[in-house]
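Treat the numbers as computed from the prediction; the structure is a model and nothing was measured. Here is how names work: the chains are called A, B, and so on, in the same order as the sequence lines, proteins then strands, and each is numbered from 1.
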Amino acid sequence: MGRKLLLEHANVPEIHTYQVYRAKGGYSAVEKALKMTPDEVMEEVKKSGLRGRGGAGFPTGMKWSFLDRKSEKPRYLVCNADESEPGTFKDRYVMEKIPHLLIEGLICSSFALGSNTTFIYIRGEYKWIVGILEKAIAEAKNAGFLGKNILGSGFNLEIYVNNGAGAYICGEETALLESLEGKRGNPRMKPPFPAISGLYGSPTVVNNVETLAAVVPILNLGGDEYAKIGIGKSTGTKLISACGNIKKPGVYEIDLGLPVYEFLNSDEYCGGIRDGHRLKAVIPGGSSVPILPADLFYKNIKGEERNMSYESLSDGGFVSGSMLGSGGFIAMDETVCIVRNTWTFARFYHHESCGQCSPCREGTGWMEKVLHRLEFGHGHMHDIDLLVDVAKKIEGNTICPLGDAAAWPVAAAIRHFREEFEYHVTHADKVKNSRLAHLDDYKKELVLL
Amino acid sequence: MIKVTIDGVEIEVEPGTTILNAARKAGGAIVPPAMCYYSKLKGSGGKCRTCLVKVTAGSEKDPRPMPKLVASCSTGVQDGMVVQNITSPEVVEARKGVVEFLLLNHPLDCPICDQAGECHLQDLAFEHGAAKTRYEEERRKFDKIDIGDKIQLHMTRCILCYRCVYTADQITNERVHGVLKRGDASEISTYIENVIENDFSGNVIDVCPVGALTDKTFRFKSRVWFVKPMNAHRDCSKCCGKTAVWLHGEEIYRVTGRKDQYGEVEEFICNECRFDKKSKSDWVIEGPREVERWSVIRQNKYEIGTQVQAPKNIGYGNITV
């Protein structure tokens with residue numbers, strides 16, 4: 001059995017209540033943190049090597065150290081619970097099952113950063129979780145872990161939950177801050193970075209739910225001990241939300257560095273691809289990371305086995321690698337049509353583009369329309385190269401990473417599954433209105449020829 | 001003062017200047033085009049991505065190149081920064097892409113558009129665009145909307161530069177004029193098709209780089225190259241009173257702010273000057289305006305013999321009018 005730091009007590013009955021959570025040793029990290037100085041808490045997080053769990057994998061301790069402490073303005077910590085990436089549902093699991101873990105992480109992190117007002121920005125579709133969190137906050141306040149002069153330390157903290165209105169773009173940290181301020185959720189230009197001028201122009205740190213929850217085991221174990229888990233610069237445990245054509249979809253906590261073969265096939269985790277089928281492709285980190293065909297997923301281009309870590313999954317760059325991303329693990333068997341799948345993602349990004357900058361606003365819609373054409377048998381051969389070119393012109397030229405997120409999956413799908421796209425052009429009458437994968441048919445025909 | 005090199009031209013600027021403004025200080029072909037940035041509007045810029053440039057050296061202290069192309073209108077210069085504009089094939093390629101994106105949903109109804117001839121999108125497409133489109137689908141369409149009785153909004157032509165939004169934000173205290181919906185369905189709208197209740201609301205027409213916001217007192221009256229811009233002034237209690245009046249024979253067809261070579265007005269003018277003072281007796285006419293941009297208005301031949309500099313990268317050379 002793998003080690004569980006975050007989800008250890010997730011299945012204890014009534015763990016969402018304060019009494020049960022406390023009885024299982026909850027809030028000990030707060031007691032520990034408040035006896036330390038904020039700098040010492042931050043030092044522990046730095047030593048732990050914790051990296052942002054929202055997708056980018058930026059070292060959390062470093063992000064915290066960028067916070068402008070000399071400013072006379074109040075400092076804010078904002079928890080990004082706008083988990084909207086297709087295929088990612090790990091934060092929902094934490095907040096639904098063990099809300100107090102997040103609250104505890106928030107208290108420790110707020111103390112380290114000197115934030116007296118902390119916000120949880122939660123996506124609009126997670127409406128029922130707002131109630132769960134607010135109940136947990138009220139319970140924590142009752143127990144003296146929130147409010148004025150927490151545990152006699154002189155530290156004050158209030159946590160507010162803010163419900164978004166259902167925009168994927170508000171998961172981008174500056175768009176989130178705009179939305180939190182009551183404005184249209186358009187990403188801001190960077191610089192200035194939120195650490196200098198964020199919420200209401202004050203220094204702000206925005207962290208993912210899982211990142212903040214991970215501060216609890218870091219303080220309980222100690223940063224050095226936490227850093228021993230994992231592999232290389234990917235330290236600690238990570239929640240992976242696995243879905244697709246696997247036997248056991250769900251949220252799993254893994255030690256970073258777990259071999260991908262074991263994660264996908266062992267009964268402890270995904271349990272393998274459903275019977276009678278075989279793995280075709282994997283999207284290892286949520287819909288926006290490049291798709292990998294089965295052989296490149298198991299082994300990198302040099303033939304080395306991949307493991308679940310930031311470095312190993314991105315080995316080979318975008319030519320033959322992918323990203324760990326947010327941990328939205330999507331496995332597909334041979335019945336999945338890559339063209340249809342790519343179109344579905346393109347449709348999502350088209351719908352979610354904020355429309356602020358032109359490459360993303362126009363390009364995402366264009367890609368969706370071309371993919372729609374291909375999927376339904378109205379495409380031309382030159383459409384495939386057109387898609388590659390449009391994706392290239394969006395990538396890196398936009399204000400925020402949504403443009404990249406829209407371009408990468410399209411570019412990667414064509415890179416690895418080009419013949420499937422070509423099949424959709426050459427066998428237009430066969431693919432019209434069909435939802436099945438066609439690559440195998442295509443390969444059979446090649447053999448017959 | 002700090003030093004920055006753009007396309008091999010060394011420029012000295014104040015710290016805090018953006019790359020675009022540094023380039024504008026030197027002028028000429030090194031200036032990146034800008035469709036959304038407007039120096040008089042706080043917060044504008046960064047959206048259209050036409051001004052993307054390549055930073056090949058970040059600064060003297062840290063000479064690493066920046067990993068991505070950056071928007072020159074919102075990136076500050078550092079001492080010793082080296083920037084490539086049209087000398088970088090990467091930038092030219094990206095800009096071509098941006099022009100294609102901007103034209104994707106643009107109706108290209110230039111023959112019947114009032115802005116034709118002074119349209120920044122036309123100039124941009126001419127300088128950086130491709131001759132053919134690869135877009136086969138239907139373009140988006142909107143109905144025309146009146147913003148008050150003098151301004152018409154034709155969203156179909158809009159490139160969503162947000163300049164009018166920033167203008168409205170700047171002249172009014174409330175958010176009366178903004179963007180509805182998102183993605184390529186976004187549209188500029190004034191709160192429930194209302195009016196911008198302000199004496200300076202007409203300036204949204206001047207800041208619009210395309211023909212999306214037009215002056216209803218001038219619509220379909222004349223092509224802009226048949227009217228002659230003249231500097232004029234009058235005593236105005238609301239604004240500076242310094243404007244450009246556009247003459248057709250002895251008649252004033254329209255009044256606008258005085259625009260500089262980058263299409264930015266020198267000072268905002270009030271609605272009274274813009275819409276109501278259409279008689280020559282209202283104005284003291286100073287003389288013809290220098291039209292510096294590469295523009296068909298220049299073909300008006302009223303300044304015979306001046307050299308018109310064609311954009312360098314297309315290789316037309318100098319044309320004598």
Stepwise, does the side-chain hydrogen bond (donor to acceptor under 3.5 Å, both in side chains) test hold for R134(B) with H382(A)? CA-CA 10 Å; R134(B) 298 180 289 172; H382(A) 61 81; over 6 Å; no
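- Taking both residues in full, the closest heavy atoms of K393(A) and G97(B) are given as CD-CA, 3.4 Å, listed atom of the first, atom of the second, then distance.
- The OG atom of S186(B) lies 8.5 Å from the CG atom of N186(A); values are rounded to the nearest 0.5 Å.
- Under a cut-off of 6.0 angstrom, the local environment of CG in D62(B) is crowded, with over 12 non-hydrogen atoms contributed by other residues, nucleotides or ligands.
- Contacts with chain B were tallied for K190(A), H350(A), Q356(A); Q356(A) has the most, counting heavy-atom pairs under 4.5 Å.
- Among T364(A), T398(A), I169(A), the residue making the largest number of heavy-atom pairs under 4.5 Å with chain B is T398(A).
- Of the atoms belonging to E100(B), it is side-chain heavy atoms, and not backbone ones, that fall under 4.5 Å from chain A.
- With a 4.5 Å cut-off on non-hydrogen atoms, V70(B) does not touch chain A at all.
- Atom NZ of K47(B) sits about 8.0 Å away from atom SG of C354(A), to the nearest 0.5 Å.
- In this structure, R373(A) and E137(B) have side chains that are in contact, with non-hydrogen atoms separated by less than 4.5 Å.
- Salt bridge absent: E395(A) and K68(B) never bring a charged side-chain N and a carboxylate O closer than 4.0 Å.
- The structure places OG of S74(B) at 14.5 Å from CZ of R188(A), a figure rounded to the nearest 0.5 Å.
- Distance OG/S358(A) to CG/L160(B): 9.0 Å, rounded to 0.5 Å.
- Under the 4.5 Å side-chain criterion, counting only non-hydrogen atoms from C-beta, H380(A) is in contact with E136(B).
- In this structure, the portion of L180(B) lying under 4.5 Å from any heavy atom of chain A is its backbone and not its side chain.
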R182(B)/E352(A) under salt bridge (charged side-chain N to carboxylate O under 4.0 Å, His left out): CA gap, chis, key distance, verdict: CA-CA 7 Å; R182(B) 68 180 179 215; E352(A) 295 296 345; 3.1 Å; yes
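- Interface remark: L52(B) contributes side-chain atoms only to the contact with chain A (heavy atom separation under 4.5 Å).
- Within 6.0 Å of NZ in K3(B) there are 12 or fewer heavy atoms belonging to other residues, nucleotides or ligands.
- Considering all non-hydrogen atoms of both residues, C357(A) and G46(B) come closest at CB-O, 4.5 Å.
- To the nearest 0.5 Å, the span separating CD on E138(B) from NZ on K369(A) amounts to 8.5 Å.
- Heavy atoms closer than 4.5 Å to chain A are found in the side chain of Y162(B), but not in its backbone.
- The CD atom of E362(A) lies 6.0 Å from the CG atom of D184(B); values are rounded to the nearest 0.5 Å.
- The shortest side-chain heavy-atom distance between R361(A) and L102(B) falls under the 4.5 Å cut-off.
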